[in-house]
Structures are given as C-alpha cells and as structure tokens.
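Comments concern the structure below.
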2 protein chains.
Amino acid sequence: MTDTRNDLLDLAENSIRRRGYHAVSFRELADELGIKSASVHYYFRQKEDLGLALVERYTASFFDTLNENIGNAEDVPTKIEAFCKTYAFALKGSEKICLCGILGAETSGLPSQLSEQVSQFFQANIDWVHNVLATDVNTKAARSMAQSIVAALQGAMMLSVSLNDPQILDSAINTITNDVEVLSQ
Amino acid sequence: MTDTRNDLLDLAENSIRRRGYHAVSFRELADELGIKSASVHYYFRQKEDLGLALVERYTASFFDTLNENIGNAEDVPTKIEAFCKTYAFALKGSEKICLCGILGAETSGLPSQLSEQVSQFFQANIDWVHNVLATDVNTKAARSMAQSIVAALQGAMMLSVSLNDPQILDSAINTITNDVEVLSQ
DNA sequence: AATTCTCTATCTATCGATAGATAGGCTTGA
DNA sequence: TCAAGCCTATCTATCGATAGATAGAGAATT
C-alpha cells in the first residue's frame with residue numbers, strides 16, 4: 001500500500017463525507033496531492049473503484065474501533081453505549097458525517113456495486129446491535145430496536161453537521177441509551 | 001407560476017431526493033421535459049436559484065401537510081404521531097428521502113445560501129416539536145427530545161431507502177411514539 | 001405592440017477516462 | 001557482475017461528454 005494511495009483514500013473520504021460522491025473529482029484529489037489526475041487512475045481505474053475501496057476500508061476501520069471500544073464490556077447497555085461512541089468518535093470535531101451516511105442518501109445515484117456495499121455496512125451495523133440486544137429482548141423487538149438505533153445515530157450526525165451543533169448527536173445517544181436501559185430491564 | 005416551472009420543480013425535487021444535488025443537471029431536467037437546457041435558465045438563473053425555490057416550496061408544503069395531519073388533535077402523543085406521519089407520507093412508496101435530508105448531508109458542498117435554508121428547515125422542525133413537547137416536559141429535556149425525534153426520522157428515511165425496507169421508518173416512528181408517551185406521563 | 005416563453009448557438013470549464021511515454025528501481029539469469 | 005527486461009509511479013496530451021451559463025433571435029400570447 002503506497003503512501004500516495006493512502007493519501008488519496010484519506011483525501012477522498014474527507015471530501016466525500018463533507019460534500020458527497022458526485023461533488024468530488026479525481027482532478028481535485030490530484031491537485032491537492034500535487035500529482036496529475038491521470039495518476040489517480042493508476043491507483044483506481046474508475047471512480048467506482050475508489051468508492052468501493054473507501055467503503056471497504058471504512059467498514060473495517062469502523063468495526064475495529066467498535067471492538068476496541070467494547071473492550072471487555074459485559075452488560076447490554078454498556079455495549080450499546082460503546083456502539084454509539086464509535087459513531088460519536090467519527091463525527092467529533094471533524095464536522096463530517098458517516099461515509100455510508102452520505103452515500104446511503106445518494107443511493108440511487110451511485111454505481112450499483114457501491115450502493116450495495118453501503119447497504120451491507122448498514123446491515124452489518126444492525127446485525128451487530130441486534131445480536132447484542134437479543135440476549136435481553138425478544139428477537140422481533142430487538143430487530144426493530146436495532147434498526148431504530150442505527151437510524152437515530154445516522155440522522156443525528158446529519159443534523160449535527162447541518163445545524164453545526166455536535167450536542168445533537170449527544171442528545172440522540174442519551175435517548176438511545178435510555179431506551180435500551182428501559183427495554184433491558 | 002407556469003406549468004413548465006412547476007414541472008421543473010417537480011422533476012428536480014424527485015431527482016435530487018434520489019441522487020443528490022450534484023448528480024442532477026439542467027440538461028437532464030430539460031431533456032425529460034422536452035425543452036432545451038437554456039430554457040431552464042429562463043426560470044432559474046442559476047442552479048442555486050432552483051435549489052432555493054425547491055427548499056422553499058418543500059418547507060411550505062411540509063408544514064401545510066403537517067397542519068392537515070394535526071387536525072384538531074389535542075394531546076401531545078397524537079400531535080407527535082401526526083408529525084411522524086407527515087414524514088412517513090413523504091417516503092411512502094416513492095423510495096425518496098426528505099429533500100432537506102439529502103441536502104443536509106451534502107451541506108459543505110452546497111452554495112451557502114442553500115445550506116442555510118436547509119438548516120432553517122430543520123430548525124423549524126425542531127422548534128415545532130419542541131413547542132408541542134414543552135407543554136408536558138421541562139424545556140431543556142423537550143429541546144433534546146425534539147432534536148432526537150427529527151434526527152431519528154431523518155436517519156430512518158435514509159436507512160429505509162438504502163436497505164429498501166420501508167418498515168424501518170415504521171419501527172423508528174414506534175420508538176419515537178413510545179418515548180413520547182413515557183415522557184409525557 | 002408588448003410581454004412571455006423557447007429556441008439556436010455558443011462559451012468556458014470541468015468531468016472521467018485513456019494512450020503512450022519516461023525515469024528509475026528491482027529482478028533475474030548468462 | 002552486469003545487462004536485459006519488467007515493475008512502479010508518474011507524466012503529457014488528448015478524448016468525447018457534460019457541466020453551468022449567456023446572448024440574442026424568433027414565436028406565441030395577451
């Protein structure tokens with residue numbers, strides 16, 4: 001993995017998380033790295049390949065951070081809190097929403113493989129939360145709850161950025177942890 | 001207000017809600033209406049003007065529908081349910097998220113007036129919910145709750161579309177109405 | 001006759017993508 | 001050991017397509 005390739009991924013992730021897939025161009029990325037746009041095609045044949053690499057890396061990194069945050073937590077509310085914090089960490093200070101959050105919003109405008117990979121990220125998120133909740137709650141309610149939790153976090157990131165108020169994500173996390181405590185009693 | 005102008009607004013709203021601001025072009029809109037892209041500039045001098053007109057119309061229409069849905073409801077949970085249904089109606093069957101949902105996600109890539117107007121839509125949403133809740137709950141908690149509700153709805157629309165599962169929005173609405181019932185007791 | 005609407009024609013800027021070249025490092029086999 | 005050949009990373013130059021935007025002519029409506 002070259003430095004340049006990594007720099008391209010970092011730069012592209014940043015830009016896309018702020019402005020969306022279609023607002024980011026190879027030329028812009030190249031300019032910011034002081035290379036030519038043709039050289040970007042050396043690393044990613046098509047723009048879609050860049051997008052796919054981004055989501056792949058993002059998903060892996062998300063679940064790595066999640067596992068770190070979980071540590072040796074045992075009870076359900078603590079685990080869910082760790083999940084929420086993994087999201088909060090992604091936003092913190094950066095004014096960027098989740099990569100898959102913005103790509104999910106653009107779904108119909110993305111190459112189909114890319115939107116597919118984005119929905120897999122969400123599915124994996126929901127499955128993870130569902131799995132944690134299912135020890136305490138019946139599976140049907142747990143599934144709905146898991147969906148609602150991921151949805152609430154994604155929406156809160158977007159609102160936080162649009163209203164430039166990071167506290168909104170904190171409020172959402174409070175609501176979630178309250179719900180989970182009530183449910184798992 | 002010409003037919004063509006209205007058709008342009010309808011078409012643009014549809015396309016942007018599916019694919020985002022930067023994925024939609026004047027040429028594409030013109031082609032679909034059987035006119036030339038130069039004619040689109042007759043109605044909207046710049047793309048930003050189209051965006052502003054869209055958000056303005058969308059906001060007005062949203063609060064109109066909301067007022068219809070409220071009817072003569074009195075109690076807090078019923079009003080919040082009506083608010084949620086106003087969102088649900090926007091998604092229903094169309095596989096489109098909220099116009100301001102996608103524009104909010106793209107915030108940093110939008111002309112500044114446009115992103116400002118989008119954040120005003122959200123602020124108006126939160127204020128409305130806050131106002132309803134404040135009769136039952138102390139204002140600080142009501143503010144947080146209002147933010148969480150709008151966030152949860154926005155996130156649920158995005159997830160519903162990305163995972164092609166409209167039931168996710170229903171789950172989110174269930175969670176919200178539960179929270180409100182508990183809170184306003 | 002004046003206003004409203006759409007057109008043709010065109011501009012500049014940028015898009016993603018490709019071809020072909022080059023400089024320099026690495027590998028490998030005589 | 002050293003030359004031949006391949007690999008990496010980048011370049012220049014260009015492609016066709018599309019972007020948003022404009023000026024001004026012509027048609028349609030009132």
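Letters A, B, ... are given to chains in the order of the sequence lines, protein chains preceding strands, and every chain is numbered from 1. FYI, side chains are in, hydrogens and waters are out, and symmetry mates aren't considered; it's all heavy atoms of this structure.
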Discussion item. Please classify the nucleic acid contact of B:Y42 as base, sugar-phosphate, or nothing, using heavy-atom distances under 4.0 Å.
Written reply: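 Contact class for B:Y42: base.
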Worksheet entry | Stretch residues 33-41 of chain A: residues that reach within less than 4.0 Å of DNA chain C through a heavy atom |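 Here the set is A:A38, A:H41.
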Item to complete: Please determine if a side-chain N or O atom of B:Q46 lies less than 4.0 Å away from the OP1 or OP2 oxygen of D:dA21.
Response: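 Checking D:dA21 against B:Q46, a side-chain N or O does come within under 4.0 Å of OP1 or OP2.
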Discussion item. If the cut-off is 4.0 Å, is B:S25 near the phosphate of D:dT18, judged by side-chain N/O to OP1 or OP2?
Written reply: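 No.
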Nearest whole Å is fine: how far is [N] [atom2] from [X] [atom1]?
| X | N | atom1 | atom2 | result |
| --- | --- | --- | --- | --- |
| B:D7 | C:dC5 | CG | P | 13 Å |
| A:L8 | C:dG16 | CG | P | 13 Å |
| A:R45 | C:dT18 | CZ | C1' | 9 Å |
| A:F44 | D:dA9 | CZ | C1' | 14 Å |
| A:K47 | C:dC15 | NZ | C1' | 9 Å |
| B:F26 | D:dT22 | CZ | C1' | 13 Å |
| A:Y43 | D:dT8 | OH | P | 10 Å |
| A:D3 | D:dT10 | CG | C1' | 15 Å |

Discussion item. Within the 4.5 Å heavy-atom criterion, are A:L91 and A:K96 side-chain neighbours or not?
Written reply: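 No, every pair of side-chain atoms sits at 4.5 Å or beyond.
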Item to complete: Give a yes or no answer on whether the side chain of A:E13 reaches the backbone of A:L54 with a donor-acceptor pair at less than 3.5 Å.
Response: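 Pair absent, no side-chain N/O of A:E13 close to backbone of A:L54.
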Practice prompt. Look only at the side chain of A:K36 and the backbone of A:R27, and say whether a donor-acceptor pair between them is shorter than 3.5 Å.
Written response: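 Absent.
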Worksheet item: Hey, is A:E28 close enough to A:R19 for a salt bridge, meaning N to O under 4.0 Å?
Response: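 Yes, A:E28 and A:R19 are salt-bridged.
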Worksheet item: Could A:R143 and A:D127 be called an ion pair, given the rule that one side-chain N must be under 4.0 Å from one carboxylate O?
Response: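 So A:R143 pairs with A:D127 through a salt bridge.
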Item to complete: Could you please name the option among D:dT10, C:dT10, C:dC5 that lies closest to any side-chain atom of B:R27?
Response: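 Between D:dT10, C:dT10, C:dC5, the one nearest the side chain of B:R27 would be C:dT10.
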Discussion item. Less than 3.5 Å apart, any donor N or O on the side chain of A:S119 or A:Q123 sitting next to an acceptor on the other?
Written reply: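 Absent: no donor and acceptor within the cut-off.
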Practice prompt. Would you please indicate yes or no on a ring centroid separation below 6.0 angstrom for B:F121 and B:F62?
Written response: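 Yes, close enough.
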